[in-house]
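Okay, so here's the structure we're looking at.
Remember, it's a predicted structure, so these values are computed and weren't measured experimentally. All chains are named by letter (A, B, ...) in the order of the sequence lines, taking the proteins before the strands, and each is independently numbered beginning at 1.
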Amino acid sequence: MVLEATMICIDNSEWMRNGDYSPSRFQAQADAVNLICGAKTQSNPENTVGVLTMAGKGVRVLVTPTSDLGKILACMHGLEIGGDMNLAAGIQVAQLALKHRQNKKQQQRIIVFAGSPVKHEKKVLEMIGRKLKKNSVALDIVNFGEEDEGKTEKLEALLAAVNNNDTSHIVHVPAGTNALSDVLISTPIFTGDGEGGSGFAAAAAAAAAGGVSGFEFGVDPNLDPELALALRVSMEEERARQEAAAKKAAEEASKQEKGGEQQASSQDATMTERASASASEAETKTNDMMDDENALLQQALAMSMDDPAINQEAKDTDMSEAASDDPELALALQLSVADSSKDSSSQSDMSKLLADQSFVSSILASLPGVDPNDPSVKDLLASMQNQSESQQKNDDKKPPSEEEKK
Amino acid sequence: MSGESASAIQKGQVDLLDFIDWSGVECLNQSSTHSLPNALKQGYREDDGLHLDSDADEQLLLYIPFTQVIKLHSILVKGPEEEGPKTVKLFSNKEHMGFSNVNDYPPSDMAVLTPDNLKGKPVLVKYVKFQNVRSLTIFIEDNQTGSEITKVQKIMLYGSTVETTDMKGLKKIEDH
């Protein structure tokens, strides 16, 4: 139950049109803002929340801190996307808005959504950070979207300058299947520092978000706070691990861009890692579907056997055409080609793994309710082996043709 | 401000502690573990071990509103010899002050504290400038040795409330 005045800085720059966060970066951000506003106003009746946009014609304050949730939600409608984000100005305007808050008892907090590249020098940001700290303003940063050189570093430097007794936080949200708001729910930005009201806030938000069971992880935090806390902690650890893995993968990809064929072997190592991870995932999933696992298993295997080569062939021709028009686009395409070729190789690794019949049958035998001697399963395995062999040949042919294109 | 001090607190001047509006008191750049009550609240301020610390740098900005209009006569700031405050600026009735606009207004009064002052000798302020004070802003600009952190052990404000002085004055006349 922290008494707080919060200013939320929204990034409405052109970068927010990107669709890598569903449905779009901007919509994902708007959802997250709504969620945070709800949580903040509910955790204490005297809490106030304000909103400003950092891009467009300039920094614009949409709502000064208010406890009227309707006002906040209304201002989020009809926002226009345009221009570049001005982080430094946004934070300073937010600080000014907080300074003139009605209730001086309220702690001050700024929540920044940074989805576009940060142009400012690290030093400038640190200076602003120190100023915030001096004025006892806490700062939360949601780092998502563009991931260019030094953005993370700059934002972390800004945070380090502000941070006082761990009241400020930063969350990195890589693009992925999870909605931005869902990721934020379990972070300290959303739950706040106090343990008291956080459970309620999380539960309320999960219900609002239409979670399956109404609660995060399907556990009511009010009934079993310890279990809920443990789940949340493990969730955070998992996210940190995924972030690290994503970073590593990105580094590998960039290395691959620059170099020639040598690093293929190192990449293979990570690929097999990934393949085995997905295999174990598949295993756990199968555990859940006890009833018609035969049909589903077949389906899943068939899907994973889909020949990636065909897709890629088609894609490649499209891309090379497009690439001649626009150098930037070409770069983006090159990146995505690297990604997809990675995908296909991981798939072929997977199929190699599956082709090893003894391995697959040992997995199958370990699954409850699956009989490896079942004729239908045997058939499937045999057909898989044939398929994967033919695919392997395909794959062997493919790489040289791809090199030429690059 | 005259560096001279009253040998004792003059007659009619009272500790203004009781008239502080605690709900509005604010201190910028205070360390969260060594906060303003350590220097201002009764009981805490008498203990030299409990002190107010600055956090990010050596400056401190205190905003003290009062429940009624007061006249400020003198101020006592106690601190350690090295990290104690040096330049202190006082502003009356200035709300919403921050470090960014601290130089926008001329201070109502300014004092450079001597080691004597830091040991507990009150400083007289320009009494005429503080006749109608609803809130007092104290800006501590630097400390004695220029170190990173400023420490304040005790702050006391002496003065009188506008209404009560009149009443007391009347009674005294009746006594004679």
Next item on the list: Could you list the residues that satisfy ring pair (Phe, Tyr, Trp, His ring centres under 6.0 Å) with B/Tyr105, not counting sequence neighbours?
Entry: none
Notebook entry, point to check: Mind checking what makes side chain to side chain contact (heavy atoms under 4.5 Å, CB included) contact with A/Val59, not counting sequence neighbours?
Noted result: A/Leu52, A/Ala89, A/Val93
Next item on the list: Count the heavy atoms of every other residue, nucleotide or ligand shown that sit under 6.0 Å from CZ of B/Phe99, and state whether that count exceeds 12.
Entry: yes
Less than 3.5 Å apart and able to act as donor and acceptor by atom type: which atom pairs between chain B and chain A qualify?
residue: B/Glu26; atom: OE2; partner: A/Arg101; partner atom: NH2; Å: 3.4
residue: B/Asn29; atom: N; partner: A/Lys134; partner atom: O; Å: 2.9
residue: B/Ser32; atom: OG; partner: A/Asn165; partner atom: ND2; Å: 2.1
residue: B/Asp55; atom: OD2; partner: A/Asn164; partner atom: ND2; Å: 2.8
residue: B/Asp57; atom: OD2; partner: A/Lys134; partner atom: NZ; Å: 3.0
residue: B/Gln59; atom: OE1; partner: A/Lys134; partner atom: NZ; Å: 2.6
residue: B/His96; atom: ND1; partner: A/Lys104; partner atom: NZ; Å: 3.0

Check: Residues two or more places apart in sequence or in another chain: which of them pass ring pair (Phe, Tyr, Trp, His ring centres under 6.0 Å) with B/Phe139?
Finding: none
